[in-house]
2 protein chains.
Amino acid sequence: MPVKLVDIAKHLNISVSTVSRVVNGKDRVSDETREKVLKAIKEFNYAPNEIARSLRSRTSKTIGLIVPDISNEFFALLSKGAEAIAKDNGYFLILCNSDYDEDMEKEYFEMLMQKQVDGIIVATVCKDEKYFERILDSSIPSVFVDNFPQIKRNFNFVTIDNEKAAYDLTRHLIDFGYKEIAIITGKLQETSALERLGGWKRALNEHGIKVNNDFIGIGDFKFDSGYRIMKKMLEQSKKPKALLAANNFIAYGAIKAIREKGLRVREDIYIVCFDATDNTGLISVRIPSMVQTTKKIGEIALDIIIKRLNNKEFSSKEYKIFDRVILEPTFVNA
Amino acid sequence: MPVKLVDIAKHLNISVSTVSRVVNGKDRVSDETREKVLKAIKEFNYAPNEIARSLRSRTSKTIGLIVPDISNEFFALLSKGAEAIAKDNGYFLILCNSDYDEDMEKEYFEMLMQKQVDGIIVATVCKDEKYFERILDSSIPSVFVDNFPQIKRNFNFVTIDNEKAAYDLTRHLIDFGYKEIAIITGKLQETSALERLGGWKRALNEHGIKVNNDFIGIGDFKFDSGYRIMKKMLEQSKKPKALLAANNFIAYGAIKAIREKGLRVREDIYIVCFDATDNTGLISVRIPSMVQTTKKIGEIALDIIIKRLNNKEFSSKEYKIFDRVILEPTFVNA
DNA sequence: AAAAGTTGTAAAAACGTTTTCACTAATAAT
DNA sequence: ATTATTAGTGAAAACGTTTTTACAACTTTT
């Protein structure tokens with residue numbers, strides 16, 4: 001039903017190629033013809049069929065984004081940043097929600113490949129080396145965000161230095177004189193979880209504090225895991241006096257457990273965490289936090305894809321192609 | 001580079017059509033041939049090019065979703081719901097963030113059409129009748145969510161009964177004995193904002209309370225507008241004693257203004273609002289709220305599209321095609 | 001004035017599928 | 001034993017573009 005090149009061509013008694021050339025505006029066409037065509041295009045309300053274009057040009061102008069949970073503000077902001085840059089460059093973003101499910105993530109990857117996306121950004125929850133190889137061996141540029149594959153290979157990757165950030169947060173606690181410092185982190189196949197654990201350990205080690213395995217909780221970055229694990233820790237004979245929560249939800253869950261036990265959050269258990277941003281202005285308890293410039297992560301990830309697609313040098317010295325971009329988190333002690 | 005039908009065909013010395021038939025599994029092929037082909041497909045790791053499929057079949061298996069702000073939890077949940085149903089039905093979701101910008105929204109619509117999306121869900125911020133006509137006259141199914149076009153025509157639309165919900169919230173205030181009840185709502189071209197204003201007005205009218213124009217604030221659903229307008233209201237000679245905030249952000253902003261003036265939220269100004277969900281568990285101030293089943297809205301919207309695409313009857317009696325789906329919000333008084 | 005280059009255009013091939021059409025070979029119905 | 005059906009397959013057209021190739025008509029260079 002929609003009008004196509006050949007309709008315009010027939011109407012003007014010229015060839016399809018000429019109309020195409022006018023539409024694309026790069027090849028040479030006489031002024032006279034061009035004007036005729038432009039007029040007809042307007043008159044007929046012609047708009048190119050992007051599917052046909054994609055087939056012919058072998059580029060879909062589409063980027064795939066796989067995140068575990070779009071309703072998590074972290075990933076929502078990441079998506080927002082990515083989407084904005086995508087749009088700026090004439091690309092669309094296909095949103096895929098893996099729901100923290102490894103198989104679903106892999107399935108999405110394959111489907112996106114079939115869909116001929118031009119690039120892919122993935123916040124992986126997987127640990128499958130074969131799968132990572134498939135991504136990296138694919139013909140399209142890929143960027144890992146938040147978590148990265150634990151394999152010995154080059155890949156693009158945007159996050160913060162989680163190890164250092166966790167180290168700094170733990171130092172914060174140690175400097176306050178705490179020694180009984182627990183950590184609740186996410187599944188260790190997620191590097192963000194693993195590295196935060198590493199930073200915590202290093203801080204303890206460097207300050208002569210023995211690592212107590214009872215103070216290590218492995219959750220899943222969700223509220224319930226924070227609640228459940230903290231509750232258990234508070235029932236141990238040896239209870240922590242401070243906690244490094246690997247993200248905001250874990251912290252909130254832990255707070256619930258703490259309060260249920262009749263303890264006070266700052267006074268009895270001092271909590272620090274990642275990514276606690278209060279956009280209600282109503283949270284009274286102070287939780288020092290390392291917050292990531294999440295939107296920026298999405299922007300940079302998409303920027304890297306575009307640059308790789310264009311094979312251009314990065315204009316900015318901030319980060320390099322085929323490299324890891326490590327952003328600085330902000331320490332917020334509100 | 002990727003292997004295609006013709007590669008398989010050549011390798012087996014059979015025709016492309018036969019291979020295609022095996023891939024699609026609907027046409028008849030001899031068991032012998034089928035097995036040969038399936039084996040080759042596996043061996044060569046063949047996966048169909050969806051772009052080519054789309055061109056030929058004139059269906060892109062893609063749905064466009066335009067929202068004002070994906071980082072707003074409301075739209076994030078809506079997207080999540082839509083995405084889940086899309087995936088279940090073999091569709092992808094293209095995410096578009098209009099940033100509350102009318103022109104950008106329109107532009108996105110046109111781009112999505114060029115992209116040959118099979119359907120579109122839009123949380124519009126526009127008031128342009130021409131634009132709405134364009135959407136409705138397009139060949140693809142569309143569903144409006146959150147806001148709907150103010151035109152006399154049939155269209156699909158999923159939300160809550162905003163007028164009634166606002167009425168009920170206002171009643172809640174009136175029942176408490178409040179008479180000086182202000183409202184801060186969004187831009188009135190957004191029907192959610194307009195209808196909430198309407199419900200507020202009706203409640204006042206029906207209870208013999210005169211509508212005071214100084215108690216009507218038109219913001220934009222963002223924190224700052226709530227803050228700014230409440231601040232102004234509190235500097236009026238006649239100050240409100242209660243507030244209906246048209247969404248959570250407005251409420252939070254208003255609370256900031258209230259507290260800055262040294263007033264207490266419940267005692268001095270009683271606030272009710274829409275969509276205040278506390279997933280931190282840390283918000284101590286109680287704000288009675290009408291919360292929408294946002295994820296459900298996304299699911300239903302996408303479901304309607306799929307049903308319209310399949311031209312099937314709705315299996316559920318819950319809602320009808322070519323109709324408005326009005327969901328019940330939940331009154332939360334936590 | 002011949003050779004070389006430029007400009008503008010049309011025709012056709014290509015992108016990777018699906019589907020229609022046509023045909024053969026086998027089977028079923030008369 | 002003829003005719004009608006059905007099963008299985010291949011060739012070719014189609015989806016709507018872009019791009020390559022070719023060529024005619026001018027311009028410029030020598």
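Keep in mind that the numbers below use all heavy atoms, side chains included, and drop hydrogens, waters and symmetry copies. Order of the sequence lines sets the chain letters (A, B, ...), proteins ahead of strands, with each chain counted from 1. Quick caveat, the model's predicted, so the values are computed rather than measured.
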Novice: Examine the side chains of B/Lys115 and A/Thr62 and answer whether a donor and an acceptor come within less than 3.5 Å of each other.
Specialist: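 Their side chains do contain a donor-acceptor pair, which is all the 3.5 Å distance test asks for.
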Novice: Have a look at B/Asn24 and say if it touches a base, only the backbone sugar-phosphate, or nothing, with a 4.0 Å heavy-atom cut-off.
Specialist: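 Sugar-phosphate contact only.
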Novice: Which nucleotide sits closest to the side chain of B/Val29: D/dG16, C/dG8, D/dT9?
Specialist: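 Shortest atom-to-atom distance from the side chain points to D/dT9.
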Novice: Does a nitrogen or oxygen in the side chain of B/Ser20 sit under 4.0 Å from OP1 or OP2 of C/dT17?
Specialist: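 Checking B/Ser20 against C/dT17: no side-chain N or O falls below 4.0 Å of OP1 or OP2.
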Novice: Does a side chain donor of either B/Thr124 or B/Glu105 reach within less than 3.5 Å of an acceptor in the other side chain?
Specialist: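 There is such a pair (donor and acceptor under 3.5 Å, judged by atom type) between the side chains of B/Thr124 and B/Glu105.
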Novice: Please report, rounded to the nearest Å, how far the P atom of C/dG16 is from the CD1 atom of B/Ile8.
Specialist: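 Between P of C/dG16 and CD1 of B/Ile8: 14 Å.
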Novice: Starting at CG of A/Asp31 and ending at C1' of C/dT9, how long is that distance when rounded to a whole Å?
Specialist: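 Rounded to the whole Å, the gap is 15 Å.
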Novice: Output yes when at least one side-chain N/O atom of B/Ser57 is less than 4.0 Å from OP1 or OP2 of C/dT18, else no.
Specialist: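 No, because none of the side-chain N or O atoms of B/Ser57 sits under 4.0 Å from OP1 or OP2 of C/dT18.
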Novice: Categorize A/Thr33 for me: base, sugar-phosphate, or nothing, with a 4.0 angstrom heavy-atom threshold over every strand shown.
Specialist: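 Here A/Thr33 touches the backbone only, sparing every base.
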Novice: Quick one: does B/Arg56 reach the base of C/dT17 with a side-chain donor-acceptor pair under 3.5 Å?
Specialist: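 Per atom types, no contact qualifies.
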Novice: What's the CD-C1' distance between B/Glu50 and C/dT17, to the nearest Å?
Specialist: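 These atoms are roughly 10 Å apart.
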Novice: So which nucleotide from C/dT19, C/dG16, C/dA13 ends up closest to the side chain of B/Ala52?
Specialist: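 The answer is C/dG16.
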Novice: Using a cut-off of strictly less than 4.0 Å, decide whether B/Ser17 has a side-chain nitrogen or oxygen near OP1 or OP2 of C/dT18.
Specialist: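 Looking at the OP1 and OP2 atoms of C/dT18, neither is under 4.0 Å from any side-chain N or O of B/Ser17.
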Novice: Need to verify one output field. Residue with the more 5' nearest nucleotide on DNA chain D, B/Arg21 or B/Arg58?
Specialist: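 Nearest-nucleotide comparison on DNA chain D picks B/Arg21.
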Novice: Rounded to whole angstroms, how far apart are NZ on B/Lys36 and P on D/dG8?
Specialist: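 Roughly 14 Å, once rounded to whole Å.
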Novice: Rounded to whole Å, please give me the gap between NZ in A/Lys61 and P in D/dT18.
Specialist: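 It is 13 Å, rounded to the nearest whole Å.
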Novice: Keeping A/Asp128 on the side-chain end and A/Lys130 on the backbone end, is there a donor-acceptor pair under 3.5 Å?
Specialist: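 Pair found, side chain donor or acceptor close to backbone of A/Lys130.
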Novice: Rounding to an integer number of Å, can you tell me how far B/Glu32 CD sits from D/dG8 C1'?
Specialist: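 So the two atoms are 11 Å apart, to the nearest Å.
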Novice: Which part of the nucleic acid does A/Arg28 contact within heavy-atom distance under 4.0 Å: base, sugar-phosphate only, or nothing?
Specialist: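 Result for A/Arg28 = base.
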Novice: Measure the distance from CG on A/Leu5 to P on C/dA13 and round it to the nearest whole Å.
Specialist: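 It works out to 19 Å between those atoms.
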Novice: Tell me whether the side-chain N/O atoms of B/Asn49 come closer than 4.0 Å to OP1 or OP2 in C/dC15.
Specialist: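 No, no such contact exists.
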Novice: For a quick check of understanding: with a heavy-atom distance under 4.0 Å over all strands, which category does A/Ile14 fall into, base, sugar-phosphate or nothing?
Specialist: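 Answer is sugar-phosphate: A/Ile14 comes under 4.0 Å of backbone atoms only.
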Novice: Less than 3.5 Å apart, any donor N or O on the side chain of B/Thr59 or B/Ser57 sitting next to an acceptor on the other?
Specialist: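 No donor-acceptor contact under 3.5 Å links the two side chains.
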Novice: For the side chain of A/Leu55, starting at C-beta, report the closest nucleotide among D/dT9, C/dG16, C/dA10.
Specialist: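 Nucleotide nearest to A/Leu55's side chain: C/dG16.
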Novice: Looking only at N and O atoms, is any donor in the side chain of B/Ser30 or the base of D/dA7 less than 3.5 Å from an acceptor on the other one?
Specialist: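 Between D/dA7 and B/Ser30, which were checked side chain against base, a qualifying N/O pair under 3.5 Å is absent.
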Novice: Are the side chain of A/Asn147 and the backbone of A/Ser192 linked by a donor-acceptor contact shorter than 3.5 Å?
Specialist: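 Yes, A/Asn147 side chain to A/Ser192 backbone: donor-acceptor pair under 3.5 Å.
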Novice: Roughly how many Å is it from NZ in A/Lys26 to P in C/dG8, rounded to a whole number?
Specialist: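 In whole Å, C/dG8 P and A/Lys26 NZ are 18 Å from each other.
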Novice: Cation-pi between B/Arg134 and B/Phe109: NZ/CZ under 6.0 Å from ring centre and within 45° of the ring axis?
Specialist: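 Verdict for B/Phe109: no cation-pi partner in B/Arg134.
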